[in-house]
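Single-structure report; data block below.
Note that the structure is a prediction, hence the values are computed from the model and not measured.
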Amino acid sequence: MSKRTIRQQEFDLFVPRMNSLPLKDQREVMERPFFSLSKRKRLKPIEYTSPDGEVWVHVSANPAFGIATIWDADILIWATSRINQMREAGENDLPRTLHTTTYDLLKAIKRDTGGKGYRELQAALQRLEATTIQTSIRGTKRNTKAQFGWLDEWILESDAVTGAPKGLTLTLSNWVYEGVIKDRSLLTLHADYFALSGGVERAIYRIARKHAGDQASGWTCRVSVLHDKTGSESPLKQFNYLLKRIVAANDLPEYDASFVNAADNSPAVHFIRRDAAERAAIKADLARLAANSERRTREDARTLAVDGLFEKRKVKPSGER
DNA sequence: GGAGCCAGCCCAACCCATTG
DNA sequence: CAATGGGTTGGGCTGGCTCC
């Protein structure tokens, strides 16, 4: 009997490894600064308020661990993706607690499985559990304050004899869980997301993915707003420098980025999906085809009406949605 | 004063040869 | 296959330098 089979029996909710897990993340989290972008320990809190003052986010660190980083968030993306997959498979009771092995998790988020990989995984779990968040997003009531972390609990098991890492159990905090199971709260990240090595790069992609989405004309954001949305600790002038390199490289998955001037002439970045033109053309084609087939169907209907066949032919309305 | 630029620091991520 | 740790790379950020 293989080790794997034993593990599967141990964990009723054992999550099998999948190579092509569609990556999902919460749109509300993607567009706001919730994570540290630096590889160095960040203790300075993230204090964010949206331009209209409606949305605010406060993230603070436990001094022992620092604020959870945008790389630590990969674990949350993994968990979100797993739960979403279960939902799409038609499961009714979606778990808040997931079981896996450290190896499988590290592989899934495209991380090294060396000794340091495991130590770093533990550090990531510590940061995710110990980072405290307050936000108006999904606040239950007005004048209510609530504080939570990303994870409620994590348990790392190691082999009693060899000390080798074995099982991992993690429980999402209620706020995260509610966001995952809520309808239409998730967006798909490109499969290359984990390959993005830069923290700012990742933050920018997440924001572009959320805002530019599939819009035919793309989306423009002022640099200063982008700076706030990423939560970067660098001063604006340094952020400018980092941003310039990202825009010049134009290497983000899915989106083209270019510098433009905003309506008030301040510097801004325009994001547009690379295949936006293609997609628009395909949509138009589909709409035209659908319209044609509808017309033909109506003509057919006249000829077929005698047989009463038309009733059985359900023609989809034209266009998407 | 401040905008732009960038070397250097620190450290996590990554690469890889090696081991049961 | 799973795990290890030595070595290297490259990231954000700090702080300094230049030029306006």
Side-chain angles (χ1 to χ4, degrees), chain A residues 1-8 10 14 16-19 33-46 59 61 63-75 77-78 100-128 131 156-168 192-207 222-224 226-249 251-252 259 261 265-269:
Chain A
M1 192 187 278
S2 73
K3 271 197 289 186
R4 172 160 300 281
T5 321
I6 295 168
R7 285 184 205 161
Q8 271 173 344
E10 277 172 8
F14 185 84
R17 192 196 314 170
M18 295 286 286
N19 292 325
F34 280 97
F35 301 103
S36 164
L37 307 184
S38 175
K39 289 177 180 175
R40 302 168 81 158
K41 189 201 270 187
R42 175 169 180 169
L43 295 175
K44 190 181 151 202
I46 298 170
V59 183
F65 307 116
I67 290 180
T69 72
I70 202 157
W71 292 276
D72 300 342
D74 290 358
I75 296 170
I77 294 171
W78 172 84
T100 182
T101 63
T102 44
Y103 179 82
D104 286 346
L105 175 56
L106 287 172
K107 278 290 177 196
I109 63 176
K110 306 277 191 283
R111 233 48 90 69
D112 214 14
T113 56
K116 279 174 290 193
Y118 291 94
R119 263 172 272 141
E120 195 40 48
L121 174 61
Q122 183 174 327
L125 293 168
Q126 285 174 330
R127 284 188 291 267
L128 287 169
T131 298
L156 263 177
E157 284 172 278
S158 51
D159 190 278
V161 184
T162 62
K166 219 167 72 180
L168 169 64
D192 290 344
Y193 173 75
F194 289 151
L196 285 175
S197 54
V200 173
E201 217 178 356
R202 284 173 164 228
I204 298 282
Y205 167 74
R206 292 159 66 90
I207 293 165
R222 278 178 295 146
V223 171
S224 60
L226 218 42
H227 180 230
D228 288 343
K229 276 181 168 291
T230 59
S232 167
E233 210 176 353
S234 293
L236 184 57
K237 67 167 188 169
Q238 171 63 8
F239 179 77
N240 254 315
Y241 179 67
L242 298 173
L243 187 62
K244 263 185 191 173
R245 286 206 305 219
I246 293 170
V247 172
D251 233 4
L252 294 177
F259 282 107
N261 281 325
N265 220 27
S266 57
V269 181

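First and last contacts of DNA chain B with chain A, using any nucleotide atom under 4.0 Å from a protein heavy atom and ordered 5' to 3', fall at B:dG4 to B:dC16.
Between the CD atom of A:E233 and the C1' atom of C:dG11 there is a distance of 14 Å, rounded to whole Å. Nucleotide C:dC13 holds its C1' atom 14 Å from the CG atom of A:L43, rounded to whole Å. The distance from atom CG of A:L243 to atom C1' of C:dG12 is 14 Å, rounded to the nearest whole Å. Per the geometry, CD belonging to A:E201 stands 16 Å off C1' belonging to C:dC13, to the nearest Å. What separates CZ of A:R245 from P of C:dG11 is a distance of 7 Å, to the nearest Å. Remark: P of C:dC1 and CG of A:D104 are 12 Å apart, rounded to the nearest angstrom. Regarding A:L196, its CG atom lies at a distance of 15 Å from the C1' atom of C:dG12, rounded to whole Å. Going from atom NZ of A:K237 over to atom P of C:dC20 covers 16 Å, rounded to whole Å.
If you find the closest nucleotide of DNA chain B to A:R111 and to A:K41, the one lying nearer the 5' end belongs to A:K41. Toward the 5' end of DNA chain C, the nearer of the two residues A:I246 and A:K116, judged by each one's closest nucleotide, is A:K116. A residue-by-residue look at A:Y241 and A:D112 shows that A:D112 has its nearest nucleotide of DNA chain C further toward the 5' end. Positionally, the nearest nucleotide of DNA chain B for A:R40 lies more toward the 5' end than for the other of A:R202 and A:R40.
Which of C:dC13, C:dG5, C:dG7 sits closest to the side chain of A:L242 comes down to C:dC13. If you check C:dA3, C:dG7, C:dC13 against the side chain of A:S234, the one that comes closest is C:dC13.
A:Y118 places none of its side-chain heavy atoms less than 4.5 Å from the side chain of A:R111. Contact check for A:I204 versus A:V269: no side-chain heavy atoms found under the 4.5 Å cut-off. Using a 4.5 Å cut-off on side-chain heavy atoms (C-beta onward), A:F35 and A:V59 make no contact. Side-chain contact between A:I70 and A:R206 is present, with heavy atoms from C-beta onward closer than 4.5 Å. The shortest distance between side-chain heavy atoms of A:E233 and A:L37 does not fall below 4.5 Å.
Consecutive pairing runs in DNA chain B reach the stem threshold at B:1-20 with C:1-20, where a stem means at least three Watson-Crick or G-U wobble pairs with distances under 3.5 Å.
Atom CG of A:D104 sits about 11.5 Å away from atom CD1 of A:I109, to the nearest 0.5 Å. To the nearest 0.5 Å, atoms OG1 (A:T101) and CD (A:E157) are separated by 11.5 Å.
Phosphate proximity of C:dA3 to A:Y118: present, with a side-chain N or O under 4.0 Å from OP1 or OP2. Checking the phosphate oxygens (OP1, OP2) of C:dG5, a side-chain nitrogen or oxygen of A:R119 falls inside 4.0 Å. The side chain of A:S197 places an N or O atom within less than 4.0 Å of a non-bridging phosphate oxygen (OP1 or OP2) of C:dG11.
Scanning both residues, A:Y193 and A:D74, for their nearest heavy atoms gives CE2-OD1, 3.8 Å. Here the closest heavy-atom approach between residue A:I67 and residue A:K44 is recorded as CD1-O, 3.4 Å. Annotation for A:S36 and A:I46: closest pair N-CD1, 4.3 Å, computed over non-hydrogen atoms.
Residue contacts for A:R42: at a heavy-atom cut-off of 4.0 Å it reaches no nucleic acid atom on any strand shown. Looking at heavy-atom distances under 4.0 Å, A:Q238 makes contact with a base. Counting any heavy atom pair closer than 4.0 Å across all strands shown, A:K244 reaches sugar-phosphate atoms only and no base atom. Residue contacts for A:G199: at a heavy-atom cut-off of 4.0 Å it reaches the sugar-phosphate backbone alone, with no base atom in range. Residue A:S232 is classed as a sugar-phosphate contact, given heavy-atom separations below 4.0 Å to backbone atoms only.
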Side chains of residues 237-248 of chain A: which donor-acceptor pairs under 3.5 Å do they make with residues two or more places apart or in other chains?
none

